[in-house]
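Report on the structure given below.
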Amino acid sequence: MSERSTVPRERLGALLRAMPKAELHIHVEGSLEPELIFALAERNGVALPYPSVEALRAAYAFSNLQSFLDIYYAGASVLRTEQDFFDMAWAYLQRAAADGVVRAEIFFDPQTHTARGVPMGVVIEGLHRACVQAQSQLGVSAALILCFLRHLSEEDALQTLEAALPWRDRFIGVGLDSSELGHPPEKFARVFARAAELGLHRVAHAGEEGPPAYIWGALDALHVERIDHGVQAAQDAALLARLARDRVPLTVCPLSNVRLRVFPDLAQHNLRALLDAGLCVTIHSDDPAYFGGYLLDNYRLTFDALGLDAGHARLLAANSIDASFAAPTDKARWRAELQTVFERMAIP
Ligand code: ADE
Ligand code: ZN
């Protein structure tokens, strides 16, 4: 069936919510809303450099990735106990379920917490407990991806991975995030090789602000299975051909890219061009508490700005399911549900 012609445009908003979707690029620390930051600061006796929730939110005006990261790491400093990590992840997962997320692969930054003296087990057990509860209470399949901070050394990343091994069954993969420019993927080749030996999935931020060379490096030096962001690939025709040929997913975060000034506005985002180039593009929220929207907001605003239609909706939802690391039986079930949603919402 051609969804392009059979699902009327006025049903697009409802369709975007109803479609089963996978959220594959969400930093759990980036889901910490100002209200929760203040509540946790009070619970833990942490002093914040902002007098109110409104003042903190007003500080969310970013000029680039680093200007965001500085405030994002400050916000994460209120997290101290296992319950704090649970509360943060549970709040996110409830929000995700309301947006039609059936699978969430959640990034976390352990070094941000262990460097402040929070034990690795506190971080992972709190997040894991929320993931287990998401399956039983929300029907959302949730899994964790441990990210290394690329502004720190590879030695620190190696030690972090070893420190997490007692909880090896609590996370499905590793990622690479934080300040991109000046920290090429090759810096982390050994720790990604170690992760591969351990049977972990591998993803990396590349080509958010950094050049196409960093995407090549993530593919060839880190052997990643997905590229997070990757929008700078559009500058390199040979790279586009490689990504299309190998069907390497790009987890694109449109609202993030606008807030961090990668694109001047959504109408000038290259997501549609990347789709047209035959790439496996997916839509995600990155740090929703900081960038003005969760997953469904990212879909709706991008669809409006780029004039995308129901055919694109189906492609993007299917790409997200295909690109996830979920079990094949789960993927098959969500693909069937996607088909059912389109049949239900089509004109008879
Ligand atoms: N950590 C949290 N959000 C990030 C982003 N958009 N890029 C790099 N590191 C991040
Ligand atoms: Zn990110």
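Order of appearance sets the numbers: ligands from 1, and atoms from 1 within every ligand. Since we're looking at a predicted model, the values are computed, not measured.
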Legend entry - Taking atom 6 (N) of ligand 1 as the reference point, the nearest protein heavy atom with its distance: Asp286 OD2, 2.7 Å

Inset, instruction - Please answer whether the main-chain N or O of Val231 pairs with a side-chain N or O of Asn270 as donor and acceptor at a distance below 3.5 Å. - result: yes

Inset, instruction - Examine the proximity of ligand 1 to Glu29 and report which part, side chain or backbone, both or neither, has a heavy atom under 4.0 Å away. - result: neither

Inset, instruction - Would you check whether Asp109 has a nitrogen or oxygen atom less than 3.5 angstrom from a nitrogen or oxygen atom of ligand 1? - result: no

Inset, instruction - Answer yes or no for Cys253: is there an N/O/S atom below the 2.8 Å cut-off from the Zn ion (ligand 2)? - result: no

Legend entry - ligand 1 contacted by Asp228 (non-hydrogen, < 4.0 Å): no

Inset, instruction - Compute both the distance and the angle, then confirm whether Arg259 meets the cation-pi test with Phe291: under 6.0 Å from the six-membered ring centre, within 45 degrees of the axis. - result: no

Legend entry - Numbered atoms and elements of ligand 1 in range of Phe68, under 4.0 angstrom, heavy atoms: 2 (C), 3 (N)

Inset, instruction - May I ask you to identify the nearest protein heavy atom to atom 9 (N) of ligand 1, giving residue, atom name and distance to one decimal place in Å? - result: Ser178 N, 2.8 Å

Inset, instruction - Using a cut-off of strictly less than 2.8 Å, determine whether Asp286 has an N/O/S atom near the Zn ion (ligand 2). - result: yes

Legend entry - Gln159 side chain to Asp156 side chain, donor-acceptor N/O pair below 3.5 angstrom: no

Legend entry - Sidechain-backbone polar pair: Asn44 side chain, Val46 backbone, donor-acceptor under 3.5 Å: no

Legend entry - Donor-acceptor contact present, side-chain Lys21 to main-chain Leu296, <3.5 Å: no

Inset, instruction - Apply the side-chain contact (heavy atoms from CB on, under 4.5 Å) test between Ser178 and each candidate in His151, His183, Gln66, Gln111; give the one that qualifies. - result: His151

Inset, instruction - Answer yes or no on whether Arg202 is positioned over the face of Phe192, meaning its NZ or CZ is under 6.0 Å from the six-membered ring centre and within 45° of the axis. - result: no

Legend entry - Sub-4.0 Å atoms of ligand 1 with respect to non-hydrogen atoms of His229: 6 (N)

Inset, instruction - Flag His205 as yes if one of its N/O/S atoms falls below 2.8 Å of the Zn ion (ligand 2), otherwise no. - result: yes

Legend entry - Pi-cation contact, Phe342 with Arg314 (under 6.0 Å, within 45°): yes

Legend entry - Residue, atom name and distance, where the atom is the protein heavy atom closest to atom 7 (N) of ligand 1: Glu208 OE1, 2.7 Å

Inset, instruction - Taking only heavy atoms of Asp287 into account, list the atoms of ligand 1 that are under 4.0 Å away from them. - result: 2 (C), 3 (N), 4 (C), 6 (N)

